[in-house]
Novice: 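One structure is given below, represented as structure tokens, and several questions about it will come after.
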Amino acid sequence: MRARALEDILLQLNNAAAASGRPEPRLLAVSKTQDATAVAELADAGQRAFGENYVQEAIAKAAELAGRGLEWHLIGHLQSNKAREAAALFDWVQTVDRPKLVEALARHRADDRPPLNVLIQVNIDDESSKHGCQPGDVPALARAIAAQPRLCLRGLMVIPTPHPDPEQRRDAFRRTHALFDALRAGHPTVDTLSMGMSDDYAVAIAEGATMVRIGTALFGARPAKG
Ligand SMILES: *Cc1c(COP(=O)(O)O)cnc(C)c1O
């Protein structure tokens with residue numbers, strides 16, 4: 001049943017990419033609040049990359065699913081005091097938004113692991129309630145990341161203002177793509193633009209997303225948090 005949802009989404013990503021003449025994006029399956037059994041079902045169907053918002057939840061789930069070769073992405077806000085655990089568990093951290101976090105992740109990434117892949121989270125709509133750096137802070141933060149051998153700068157991540165109509169998010173996606181192009185020009189390791197969720201991935205793909213983060217459309221609605 002989840003295998004079917006995965007197949008549907010992959011087809012829709014393919015269609016959205018073809019319709020806009022863009023390459024097909026990678027799918028990050030957002031598994032927050034889902035148990036290890038649900039993740040295992042998708043893994044059995046061929047999905048490899050999973051996104052989690054909370055470090056503790058991810059540690060427990062990844063332990064249950066160890067040995068399956070899954071790739072774990074942190075997509076929730078990271079406090080510096082959790083950087084050690086995050087650097088030990090995750091393959092990617094998509095929410096790097098300040099120099100202090102760059103230093104903490106680099107310090108804790110073990111030498112026997114590949115460098116930690118990082119995305120800079122940009123507060124593209126300048127919302128005071130949101131995490132992420134300002135667009136103007138991207139170049140300096142990118143230089144700080146690129147200077148750390150234990151980190152690999154891969155690109156940008158954004159969560160635009162959730163306007164009810166996804167069309168209203170197009171301009172934010174477009175501005176992010178322009179930032180991404182500028183970043184890529186100066187950093188050869190940059191290849192990933194993470195934007196688009198269950199309700200707006202088609203618009204994000206049309207505006208150049210290379211990775212979409214999808215939870216609800218794969219797993220169904222999440223239970224309300226207590
Ligand atoms: C929960 C979450 C998603 C997935 O959202 P859906 O609408 O369920 O697809 C994507 N990105 C981030 C950062 C999230 O927190």
Side-chain angles (χ1 to χ4, degrees), residues 1-2 4-13 15-16 25-35 38-39 41-42 45 47-58 61-62 70-79 82 86 89-98 101 117-127 129-133 154-170 172-173 176-177 180 192-226:
M1 152 108 192
R2 288 207 174 88
R4 179 63 199 280
L6 176 63
E7 206 177 303
D8 282 356
I9 285 289
L10 290 174
L11 184 65
Q12 286 175 47
L13 297 184
N15 288 344
R26 269 194 95 191
L27 171 62
L28 181 70
V30 175
S31 48
K32 62 181 172 207
T33 78
Q34 307 295 335
D35 61 18
V39 173
E41 255 182 73
L42 281 191
Q47 177 62 26
R48 182 153 175 268
F50 292 88
E52 289 283 338
N53 289 57
Y54 302 100
V55 176
Q56 299 310 327
E57 182 184 337
K61 227 174 278 184
L70 302 183
E71 182 183 292
W72 294 98
H73 293 232
L74 181 66
I75 59 171
H77 177 67
L78 180 60
Q79 291 172 314
K82 295 264 170 62
L89 172 68
F90 290 99
D91 302 290
W92 292 63
V93 173
Q94 299 203 3
T95 51
V96 171
D97 61 0
R98 56 200 191 279
L101 198 50
N117 295 299
V118 306
L119 300 182
I120 297 173
Q121 182 181 356
V122 185
N123 187 351
I124 195 68
D125 287 320
D126 196 15
E127 294 173 277
S129 62
K130 282 261 175 75
H131 297 293
C133 72
R154 298 296 294 270
L156 301 177
M157 184 274 234
V158 284
I159 311 170
T161 304
H163 295 294
D165 177 3
E167 264 310 314
Q168 291 178 279
R169 302 177 208 174
R170 185 180 293 274
F173 290 140
T176 309
H177 192 249
F180 177 66
T192 302
L193 178 53
S194 170
M195 60 186 193
M197 318 203 299
S198 290
D199 60 349
D200 61 6
Y201 63 81
V203 180
I205 291 168
E207 297 303 332
T210 72
M211 182 184 288
V212 293
R213 309 178 307 266
I214 298 195
T216 309
L218 271 176
F219 291 102
R222 285 178 290 274
K225 283 200 75 177

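Read the numbers this way: they start at 1 and go in the same order the structure lists the ligands and their atoms.
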Novice: List ligand 1's nitrogen or oxygen atoms that come under 3.5 Å of a protein nitrogen or oxygen, with the partner atom and distance.
Specialist:
residue: ligand 1; atom: 8 (O); partner: T216; partner atom: N; Å: 2.8
residue: ligand 1; atom: 8 (O); partner: T216; partner atom: OG1; Å: 2.5
residue: ligand 1; atom: 8 (O); partner: R222; partner atom: NH1; Å: 2.8
residue: ligand 1; atom: 8 (O); partner: R222; partner atom: NH2; Å: 3.2
residue: ligand 1; atom: 9 (O); partner: S198; partner atom: N; Å: 3.1
residue: ligand 1; atom: 9 (O); partner: S198; partner atom: OG; Å: 2.5
residue: ligand 1; atom: 9 (O); partner: G215; partner atom: N; Å: 2.8
residue: ligand 1; atom: 11 (N); partner: R213; partner atom: NE; Å: 2.9
residue: ligand 1; atom: 15 (O); partner: K32; partner atom: NZ; Å: 2.7
residue: ligand 1; atom: 15 (O); partner: N53; partner atom: ND2; Å: 2.8

Novice: Which of these passes ring pair (Phe, Tyr, Trp, His ring centres under 6.0 Å) with H73: F50, F90, W92?
Specialist: W92

Novice: Donor-acceptor pair, E57 side chain versus T33 backbone, under 3.5 Å?
Specialist: yes

Novice: Kindly write out the residues that satisfy salt bridge (Lys or Arg N to Asp or Glu O under 4.0 Å) with E207, not counting sequence neighbours, or none if the list is empty.
Specialist: R170, R174

Novice: For the pair Q47 (side chain) and A49 (backbone), establish whether a donor and an acceptor sit closer than 3.5 Å, ignoring hydrogens and angles.
Specialist: yes

Novice: Please confirm whether the backbone N or O of E167 pairs with a side-chain atom of D165, one donor and one acceptor, at under 3.5 Å?
Specialist: yes

Novice: Under a 4.0 Å threshold between the charged nitrogen and the carboxylate oxygen, would D97 count as salt-bridged to K130?
Specialist: no

